Participant: 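Handing you a structure now.
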Amino acid sequence: MIYKSRSDLMLKAAEAEGMTFGDIDKSGRILNERAKGHLGQIVEESFFEYKVNSKSEADFAELGIELKVTPVRTNKNGTLSSKERLVLNIINYMDEVDKEFETSSFWRKNKELLIMFYEWLPKVKRADYKIIKSYLHEFEESDLKIIKKDWEVIVGKIKEGLAHQLSEADTNYLAACTKGANKASKREQPCSEELAMQRAYSLKQSYMTALARKIISKQTLQTITNGKELENFTFEEILVSKFEKYEGKSLEEISRMAGIVPRIGSKNFLQVFISGLLGIKGTKLDDIDEFAKANIQFKTVRLEPNGIPKENMSFKNINFTEWMNEEWEDSWLENYFSSTKLLFVVFEYKETEKENPERELFFKGIKLWNMPLTTIEGKLKPFFYELQNLIKEGIELRPTVQKKRTIVNNNLPKAKANGICHIRPKARDGSDKVALPDGRMISKQSFWLDKEYISVIIQENN
DNA sequence: GCATGATCATGC
DNA sequence: GCATGATCATGC
């Protein structure tokens, strides 16, 4: 079949809504549960009656439209999320380096995407997944500006001979995700002898989630930048500029300037503070378009006069059984730090608590950061396996009685052991425990970044 | 009820 | 004063 126009194609595509892959498949391949990534091919062949190709032009070449079939899932709280990033074409490091954005393989192939969202459900056969929405995606102007800068970051890294250090969190919406049979899938790069992991362009999972919520759930998000600003500045620069005028000011002054009353210590302090300074009071940070799409998470940092926070920084609580059974590549740890950007909102005390217990907090600035791949691979990965072995061997628990409470010492990795991260408790009280794989109970534990490491991150300039 | 950000208490 | 483990407070 040849589709003469986009409307022809979209009329046909709309017929798929409500159909299952079992309804669509004429080849019988849908029954092969192990065949991964063939859902798109089945739709292409059985539904659109197109021959599958892996050419560099778009699937519907005469229309310049690329077909993508991608899963969404419903969360416990009823919201919708994309189940995965949307993987696009593989990056040929050797070729892409000579291109402009307009002539890049990314843009040639993915300018327009026919996205068919299907609903993924646990324990349901592939044949019974249902297509819920067919949607012709064209990048809106402000997204495209950010994506173009993302592309430049990716190609810039290739030009520096750093293709082997590409990381998904380097960019905002368009990312270079690993793609290959296994971690041995490597290829040459033009400006370095080192072989680099094979990677493909992808739209981040967070971007796809925002898209699915807009298209399927009709959710609207609020933007804080616009196409005109993005013409001349990166998203990071715009973000910094929005906070600049508050730098060096005390919380009290800022409250007066911005007309907000953030109560330090309150749970929604960050929400109130950031949205207040951005001038979008009442909007949750998660409902801000750019933060949602780029998967930017927020963390407050309070530096003591010595430039180091008083406390380490906690993240998610640890599921020891998961940690023991998972491979690094599938772990929360790998996933989180290779795909999340952290926006540190930095405050400082100018006096120690001893000098002045009533000390005031001053806003120092913001820092948008993601963990470099070298650190993820060099520090986090060994840490992951070290802890995995420890769990397998059985974590030591040594109860001792203190004055007023029972302390259970353990041999989990301590702060400063690797200069980056450690495990320490985060629980409600002494009885807030979690089971180890061997059945013993331990106070709930969390993953923490060392405060000294936070201090170094904040001081880096880039 | 629980996750999460924040902070405390004790012993060396 | 710091390391380590414990616990609080809030908000969904």
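Just so it is clear: chains get the letters A, B, ... in the order the sequence lines come, proteins before strands, and each one is counted from 1. As the structure is a computational prediction, the values presented were derived from the model and not from experiment.
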Participant: Taking side-chain hydrogen bond (donor to acceptor under 3.5 Å, both in side chains) as the test, write out the residues that go with A:Lys214, two or more places apart.
Facilitator: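 Once residues adjacent in sequence are excluded, the partners of A:Lys214 under the side-chain hydrogen bond (donor to acceptor under 3.5 Å, both in side chains) criterion are A:Glu140.
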Participant: What I want to check is whether the side chains of A:Ser241 and A:Glu237 have a donor and an acceptor closer together than 3.5 Å.
Facilitator: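 A:Ser241 vs A:Glu237: no donor-acceptor pair found between side chains.
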Participant: Among C:dA6, B:dC8, B:dA6, which is the nearest nucleotide to the side chain of A:Thr300?
Facilitator: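 Closest of the options to the side chain of A:Thr300: B:dA6.
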Participant: Side chain of A:Ser314 only, please: which of B:dG5, B:dT10, C:dG1 is the nearest?
Facilitator: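 Between B:dG5, B:dT10, C:dG1, the one nearest the side chain of A:Ser314 would be B:dG5.
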Participant: How many whole angstroms separate atom CZ of A:Phe273 from atom C1' of B:dG5?
Facilitator: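 To the nearest whole Å, that distance equals 17 Å.
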Participant: Rounded off to whole Å, could you give me the CG-to-P distance for the A:Leu449 and B:dG5 pair?
Facilitator: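 In whole Å, B:dG5 P and A:Leu449 CG are 12 Å from each other.
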Participant: In whole angstroms, how far is the P atom of C:dA6 from the CZ atom of A:Arg398?
Facilitator: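 Taking atom P of C:dA6 as the reference, CZ of A:Arg398 is at 12 Å.
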Participant: Calculate the interatomic distance between A:Asp287 atom CG and C:dC12 atom P; express it in whole Å.
Facilitator: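 The answer, rounded to whole Å, is 12 Å.
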Participant: According to ring pair (Phe, Tyr, Trp, His ring centres under 6.0 Å), who are the partners of A:Phe344, at least two apart in sequence or on a separate chain?
Facilitator: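 Only A:Trp369 meet the ring pair (Phe, Tyr, Trp, His ring centres under 6.0 Å) criterion with A:Phe344.
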Participant: Closest nucleotide of DNA chain B for A:Phe315 versus for A:Val401: which of these residues is on the 5' side?
Facilitator: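 Comparing both residues, the 5'-ward one is A:Phe315.
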Participant: Taking CG from A:Asn317 and P from B:dG1, how many angstroms apart are they, rounded to a whole number?
Facilitator: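 From A:Asn317 CG to B:dG1 P: 18 Å.
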Participant: The side chain of A:Lys310 lies closest to which of these nucleotides: B:dG5, C:dA6, B:dC8?
Facilitator: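 The nucleotide sitting nearest to the side chain is B:dC8.
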Participant: Any residue in residues 426-443 of chain A with a heavy atom nearer than 4.0 angstrom to DNA chain C? Just list them by number, or reply none.
Facilitator: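 Listed by number, they are A:Lys426, A:Ala427, A:Arg428, A:Asp429, A:Gly430, A:Ser443.
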Participant: Hey, are A:Thr225 and A:Glu290 close enough side-chain-wise for a donor-acceptor pair under 3.5 Å?
Facilitator: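 Distance-only check passes for A:Glu290 and A:Thr225.
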Participant: Quick one: which protein N/O atoms are closer than 3.5 Å to N/O atoms of nucleotides 2-4 of chain C? Pair and distance per line, please.
Facilitator:
unit_1, atom_1, unit_2, atom_2, d
C:dA3, OP1, A:Lys416, NZ, 2.1

Participant: Is a donor on one side and an acceptor on the other found under 3.5 Å between the side chain of A:Thr209 and the backbone of A:Ser82?
Facilitator: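 Present.
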Participant: For C:dG5, take OP1 and OP2 only and decide whether either is under 4.0 Å from a side-chain N or O of A:Lys444.
Facilitator: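 No, because none of the side-chain N or O atoms of A:Lys444 sits under 4.0 Å from OP1 or OP2 of C:dG5.
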Participant: Can you tell whether the side chains of A:Lys381 and A:Glu334 come within less than 4.0 Å, N to carboxylate O?
Facilitator: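 Salt bridge flag = no for A:Glu334 with A:Lys381.
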Participant: What is the distance, rounded to the nearest whole Å, between atom CD of A:Glu353 and atom P of B:dA6?
Facilitator: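 A:Glu353 atom CD is separated from B:dA6 atom P by 16 Å.
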Participant: In this structure, is the centre-to-centre distance between the rings of A:Tyr118 and A:Tyr129 below 6.0 Å?
Facilitator: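 Ring-ring flag for A:Tyr129/A:Tyr118: true, centres closer than 6.0 Å.
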Participant: For A:Phe337, give me all partners under ring pair (Phe, Tyr, Trp, His ring centres under 6.0 Å), at least two apart in sequence or on another chain.
Facilitator: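 Listed in chain order: A:Phe315, A:Phe447.
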Participant: Mind checking what makes ring pair (Phe, Tyr, Trp, His ring centres under 6.0 Å) contact with A:Phe235, not counting sequence neighbours?
Facilitator: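 Applying ring pair (Phe, Tyr, Trp, His ring centres under 6.0 Å) to A:Phe235 gives none.
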